[in-house]
Amino acid sequence: MSSNSEERLTIEGPAGSLEMLVTRVENPTAVTVICHPNPVQGGTMTNKVVHTLMRAARDQHFCVVRFNFRGVGKSTGEHANGEGEVDDCLAVIDWALKEFELPLWVMGFSFGGYVAAAAAARMDPAPTRLLLVAPSVERLPFADLIPLACPAVVMMGEDDDVVAPSAVFELLDGQPGVEVRRFAETGHFFHGRLVELKESVENVLTLG
């Protein structure tokens with residue numbers, strides 16, 4: 001859509017520069033900050049699942065801020081096992097809230113799902129909603145974040161080979177304010193299912 005624009009920006013973060021991709025839309029209804037998967041395993045803000053989340057949000061009239069965690073791309077610093085990345089996320093959220101003055105959603109994929117939920121836990125007021133795709137609940141202290149700081153939708157492939165689906169379902173299914181959407185025959189990176197993922201995210205954003 002010609003009314004959309006994307007720009008690459010750099011802001012000062014807690015460990016130096018943070019590289020961002022900012023997607024602006026006309027007459028936005030909200031803004032979302034999206035957290036990417038594990039940098040140690042090659043995760044960046046241009047990951048295809050993160051890109052799918054961006055497209056879904058953009059097409060539902062959200063402004064979108066993606067960013068690279070410290071030590072990724074042109075973001076300076078070194079990987080900090082989640083704790084420093086939460087600080088990075090909070091710095092980007094602070095910028096986004098001041099820049100757009102809109103309701104905030106925070107999204108994250110895998111490692112980024114933990115970071116998004118952990119950042120929300122440290123905010124006052126909390127974001128409007130979390131949207132987490134295959135959040136890392138085993139290798140990071142996700143259980144310490146329960147109950148989550150705000151309503152959340154979790155999207156999980158039933159054949160995920162990186163994050164154990166059983167761990168996600170056991171921890172999050174039935175939690176107050178949490179909706180878990182299961183994707184049958186779907187792995188961690190949603191190969192062949194990105195269109196379905198985008199449609200499901202759009203459905204969540206439309207319902208608000």
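Judged by distance alone, with hydrogens and angles left aside, the side-chain atoms of Arg70 form a donor-acceptor pair with the main-chain N or O of Gly84 at under 3.5 Å. Side-chain N or O atoms of Glu138 include one that pairs as donor or acceptor with a backbone N or O of Ala164 at under 3.5 Å. Between the Arg66 side chain and the Met45 main chain, a donor and an acceptor come within less than 3.5 Å of each other. Remark: side-chain polar atoms of Gln175 are paired, donor with acceptor, to backbone N or O of Leu171 under 3.5 angstrom. Listed for the Thr44 side chain is a donor-acceptor partner under 3.5 Å among the backbone atoms of Thr46. Remark: the backbone N or O of Val115 is not paired with any side-chain donor or acceptor of Glu85 at under 3.5 angstrom. Ser75 places a side-chain N or O within donor-acceptor distance of the main-chain N or O of Glu19, the cut-off being under 3.5 Å.
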For Phe69 and His36, run ring-ring contact (aromatic ring centres under 6.0 Å, His included): C-alpha distance rounded to whole Å, both residues' side-chain angles, the deciding distance at 0.1 Å, then the answer. CA-CA 8 Å; Phe69 291 127; His36 68 70; 4.4 Å; yes
Verdict with reasoning, Val201 to Leu131, per side-chain contact (heavy atoms from CB on, under 4.5 Å): CA-CA 8 Å; Val201 173; Leu131 195 151; 4.0 Å; yes
Take Leu18 and Glu12 through the test side-chain contact (heavy atoms from CB on, under 4.5 Å) and record every step on the way to the result. CA-CA 6 Å; Leu18 289 172; Glu12 190 64 24; over 6 Å; no
For Val106 and Thr32, run side-chain contact (heavy atoms from CB on, under 4.5 Å): C-alpha distance rounded to whole Å, both residues' side-chain angles, the deciding distance at 0.1 Å, then the answer. CA-CA 5 Å; Val106 185; Thr32 183; 5.8 Å; no
Before you tell me yes or no, could you show the steps for Arg181 and Ser200 under side chain to side chain donor-acceptor pair (under 3.5 Å), namely the whole-Å CA-CA distance, both residues' side-chain angles and the distance that decides it to 0.1 Å? CA-CA 9 Å; Arg181 297 192 175 193; Ser200 189; 3.0 Å; yes
From CA spacing to verdict: side-chain contact (heavy atoms from CB on, under 4.5 Å), Met156, Val163: CA-CA 9 Å; Met156 190 69 199; Val163 175; 3.9 Å; yes
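To the nearest 0.5 Å, atom OG1 of residue Thr29 and atom NE2 of residue His61 are 7.5 Å apart. To the nearest 0.5 Å, the span separating CZ on Arg129 from CG on Leu132 amounts to 11.5 Å. One finds the CG atom of Leu9 at 12.0 Å from the OG atom of Ser17 (value rounded to the nearest 0.5 Å). Separation of atoms OG1 (Thr52) and CG (Asn47) is listed at 8.0 Å; rounding is to 0.5 Å. One distance of note links OG of Ser166 with CG of Asp173; it measures 11.5 Å at 0.5 Å rounding. Note that CZ of Phe142 is 5.0 Å distant from CG of Leu148, once rounded to the nearest 0.5 Å.
Remark: Arg193 fails to qualify as a cation-pi partner of Phe183 under the 6.0 Å distance and 45° angle criteria applied to the six-membered ring.
Around the CD atom of Glu170, the shell of radius 6.0 Å holds no more than 12 heavy atoms that belong to other residues, nucleotides or ligands. Shown here is Lys74, whose NZ atom has no more than 12 heavy atoms of other residues, nucleotides or ligands within 6.0 Å. Counting non-hydrogen atoms of neighbouring residues, nucleotides and ligands closer than 6.0 angstrom, the CD atom of Glu7 exceeds 12 such neighbours.
Proximity of Arg122 to Leu90: side-chain heavy atoms (C-beta onward) are separated by under 4.5 Å at one or more points. Inter-residue side-chain proximity for Met123 and Ile93 is flagged as met; some heavy-atom pair is nearer than 4.5 Å. At least one side-chain heavy atom of Val65 sits less than 4.5 Å from a side-chain heavy atom of Val92. Taking the side chain as every heavy atom from C-beta outward, Ser5 and Val22 never approach each other to under 4.5 Å. Side-chain contact between Asn38 and His79 is present, with heavy atoms from C-beta onward closer than 4.5 Å. With a 4.5 Å cut-off on side-chain heavy atoms, Pro37 and Val50 count as touching. Residues Phe67 and Asp88 have side chains in contact (heavy-atom distance under 4.5 Å, counting atoms from C-beta outward). With contacts defined as side-chain heavy-atom distances shorter than 4.5 Å, the pair Pro141/Tyr114 qualifies.
The existence of a salt bridge linking Asp159 and Arg182 is excluded, since no basic side-chain nitrogen approaches an acidic carboxylate oxygen closer than 4.0 Å. Here Lys198 does not pair with Glu196 in a salt bridge; the nearest charged N to carboxylate O distance is not below 4.0 Å. A salt bridge between Lys98 and Asp94 is present, with a side-chain N of the basic residue lying under 4.0 Å from a carboxylate O of the acidic one.
In terms of heavy atoms, Phe190 sits closest to Gly157 at CZ-N, 4.1 Å. Between Leu205 and Ala56, the shortest heavy-atom contact is CD1-O, 3.8 Å. Summarising the geometry of Ala126 relative to Ala149, their closest heavy-atom pair is CB-O, 3.6 Å, with the distance given to 0.1 Å.
Under a hydrophobic-cluster definition in which Ile, Leu, Val, Met, Phe, Trp and Tyr are linked whenever side-chain heavy atoms come within less than 4.5 Å, directly or via other members, Phe100 and Val25 are assigned to different clusters. Hydrophobic cluster membership differs between Val40 and Val72, with clusters built from Ile, Leu, Val, Met, Phe, Trp and Tyr side chains linked at under 4.5 angstrom. Hydrophobic clustering (side-chain heavy atoms under 4.5 Å, transitive across Ile, Leu, Val, Met, Phe, Trp, Tyr) keeps Val49 apart from Leu21.
Counting only N and O atoms by type, the side chains of Glu6 and Thr23 include a donor and acceptor under 3.5 Å apart. With hydrogens and angles left out, the side-chain atoms of Asp160 and His188 include a donor and acceptor closer than 3.5 Å. Judged purely by distance below 3.5 Å, without hydrogens or angles, the side chains of Thr206 and Gln60 pair a donor atom with an acceptor atom.
Remark: of the listed residues Val137, Val154, Val180, Val180 is the sole one forming a side chain to side chain contact (heavy atoms under 4.5 Å, CB included) with Phe169.
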